[in-house]
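We use all heavy atoms of the structure for the numbers below, so side chains are in, but hydrogens, waters and symmetry mates are not. Everything numeric here is computed off the predicted structure, so don't read it as measured data.
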Amino acid sequence: MASSDKPEVVERDVKDKEHKEDDKEDGKGGFIEKVKDFIHDIGEKIEEAIGFGKPTADVTGIHIPSINLEKAEIVVDVLIKNPNPVPIPLIDINYLIESDGRKLVSGLIPDAGTIHAHGEETVKIPVTLIYDDIKNTYDDIKPGSIIPYRIKVDLIVDVPVFGRLTLPLEKTGEIPVPYKPDIDVEKIHFERFSLEESVAVLHLKLENKNDFDLGLNGLDYEVWLSEVSIGGAELEKSTKIDKNGISRIEIPITFRPKDFGSALWDMIRGKGTGYSMKGNINVDTPFGAMKLPISKEGGTTRLKKNKEDGGDDDDDDEVH
């Protein structure tokens, strides 16, 4: 019987040992959980006492300070508010501009600055759209059109307690792909004509090939006859050119016909001479001010006599 008692004694010792190990593990697990809870409670109390919180951000504006036939300069204003008692670094800014799901431009701005404690900061994100790149990539985007866009911005900040956070932002709008207007000289009316000095009025036709209105407020120009400059000027002129519409304006010019050489005699004899005109127009648009080039080459002109000289019209220059 003594020999049969030994297994029972050993078994009790093993069981007792297992119970002790389990109690030890339970005690160890409970201790770690208590430590975690304690640290978490301290963190919450520190957060409550000091006032840590997540920063907020919003796109407050999109500006187009410069736009022409080649590119558009866009500035995105983002207001960031920091509710924390310490400054937070703005680590990176990722941005993307797309149209109908197609990428137009993207980029990264590293180390974008610091947001002051309990403060707010407007961060300006400069973006440049190169129209040639867009038109070469997407054939259906035509000059003169207006395209929708979506700007996506990810602000990456580092906040105590919370760690690194990403603040995603979006904004939609429209932007034009501008096209230069067509110009044509319909008529040149001479108010005074002499070899020493002549005063004339150019009757111009401007055709707007854009899907948006142009508010003309000024232009500069120069005119050539047979490759000889007869002068030019800058002047203020106000008129509206409707989208895909036509407007007519009159601009004065003063020149010395005797400087034209053979071109003058060709005009007087009715043979006609070649002319060209180049310049720029300053316009207001729904997207901001623009300076657009104007040009006309390959036209011909000849002088018509007035009624006193046996002609049937005023002193006009026929233009083709």
Hydrophobic clusters here meaning ILVMFWY residues chained together by side-chain heavy-atom distances under 4.5 Å, can you tell me if I91 and V78 are in one? no
Interatomic distance, OH@Y149 vs CG@L96, rounded to 0.5 Å, equals 13.0 Å
Using the side-chain contact (heavy atoms from CB on, under 4.5 Å) rule, take I134 and V177 through it: C-alpha gap first, then chi angles, then the decisive distance, then the call. CA-CA 9 Å; I134 296 173; V177 183; 5.8 Å; no
Side chain to side chain, P65 and V75, heavy atoms closer than 4.5 Å: yes
Using modelled atom types only, decide if a donor and an acceptor are shared between the side chain of S145 and the backbone of I141 within a distance under 3.5 Å. no
Mind checking whether I97 and I146 sit in one hydrophobic cluster, side chains of I, L, V, M, F, W, Y counted as touching below 4.5 Å? yes
If I take atom NZ from residue K291 and atom CD1 from residue I67, how far apart are they, to the nearest 0.5 angstrom? 16.0 Å
If you apply the rule side-chain contact (heavy atoms from CB on, under 4.5 Å), what do you find for T137 with R102, and how did you get there? CA-CA 10 Å; T137 304; R102 301 175 297 184; over 6 Å; no
Side chains of L204 and M277 in contact at under 4.5 Å (non-hydrogen atoms): yes
Let me know which of R248, K205, H203 forms a side chain to side chain donor-acceptor pair (under 3.5 Å) with E186. R248
Near K135 NZ, under 6.0 Å, is it more than 12 heavy atoms from other residues, nucleotides or ligands? yes
Any side-chain to backbone donor/acceptor pair from S99 onto P148? Under 3.5 Å, distance only. yes
L69 versus P293: any side-chain heavy-atom pair under 4.5 Å? yes
Around atom NE2 of H63, are there more than 12 heavy atoms from other residues, nucleotides or ligands closer than 6.0 Å? yes
Determine yes or no for a side-chain-to-main-chain donor-acceptor pair under 3.5 angstrom, with N210 supplying the side chain and Y179 the backbone. yes
So how far is it from N82 CG to N84 CG, rounded to the nearest 0.5 Å? 4.5 Å
Is it the case that the side chain of H118 and the backbone of P83 share a donor-acceptor pair, with hydrogens and angles ignored and the cut-off at 3.5 Å? yes
Quick check: closest heavy atoms across T114 and E121, and the distance to 0.1 Å? O-OE1, 4.4 Å
What are the two closest heavy atoms between I294 and P181, and how far apart are they? CG2-CG, 4.0 Å
Rounded to the nearest 0.5 Å, the CD atom of E222 sits from the OG atom of S276 at a distance of 8.5 Å
For a quick test of reading the model, state the closest non-hydrogen atom pair linking I249 to L216 and the distance between them. CD1-CD2, 4.1 Å
Taking E70's backbone N and O only, do any of them form a donor-acceptor pair with N68's side chain (distance below 3.5 Å, no angle check)? yes
side-chain contact (heavy atoms from CB on, under 4.5 Å), that's the test. Do L169 and Y95 meet it? Break it down for me. CA-CA 9 Å; L169 305 170; Y95 64 85; over 6 Å; no
I'd like to know if the side chain of D242 reaches the main chain of D213, judged simply by a donor and an acceptor atom lying under 3.5 Å from each other, with no hydrogens or angles considered. no
With the 4.5 Å side-chain cut-off for hydrophobic clustering, are L292 and I251 part of the same group? yes
Between atom CD1 of I74 and atom CG of L129, what is the distance when rounded to the nearest 0.5 Å? 4.0 Å
A side-chain contact here means heavy atoms from C-beta on lying under 4.5 Å apart; do T56 and D58 qualify? no
Exercise: identify the closest heavy-atom pair between L165 and K54: CD1-CG, 4.0 Å
Any side-chain heavy atom of T285 sitting closer than 4.5 Å to one from P176? no
Any L206 side-chain heavy atom under 4.5 Å of T239 side chain: no
May I ask whether Y138 and V127 are part of the same hydrophobic cluster, defined by side-chain heavy atoms of I, L, V, M, F, W, Y residues being less than 4.5 angstrom apart, directly or through others? yes
Between D77 and T60, is there a donor-acceptor pair closer than 3.5 Å when you use the side chain of the first and the backbone of the second? no
Value for CG (L155) from CD1 (I125), rounded to nearest 0.5 Å, stands at 6.0 Å
Looking only at heavy atoms, which two atoms of V159 and G53 are closest? And how far apart? CG1-O, 3.9 Å
Do you reckon I130 sits in the same ILVMFWY cluster as L104, going by side-chain contacts under 4.5 Å, direct or chained? no
Does the side chain of P143 come within less than 4.5 Å of Y131's, by heavy atoms? no
Candidate pair D184 and D182, rule side-chain contact (heavy atoms from CB on, under 4.5 Å), full reasoning: CA-CA 7 Å; D184 201 6; D182 275 356; over 6 Å; no
Indicate yes or no: at least one non-hydrogen side-chain atom of V105 is less than 4.5 angstrom from one of T128. no
Is E73 paired with K71 through a side-chain N to carboxylate O contact shorter than 4.0 Å? yes
On a heavy-atom basis, the closest approach of Y221 and L202 is CE1-CD1, 4.5 Å
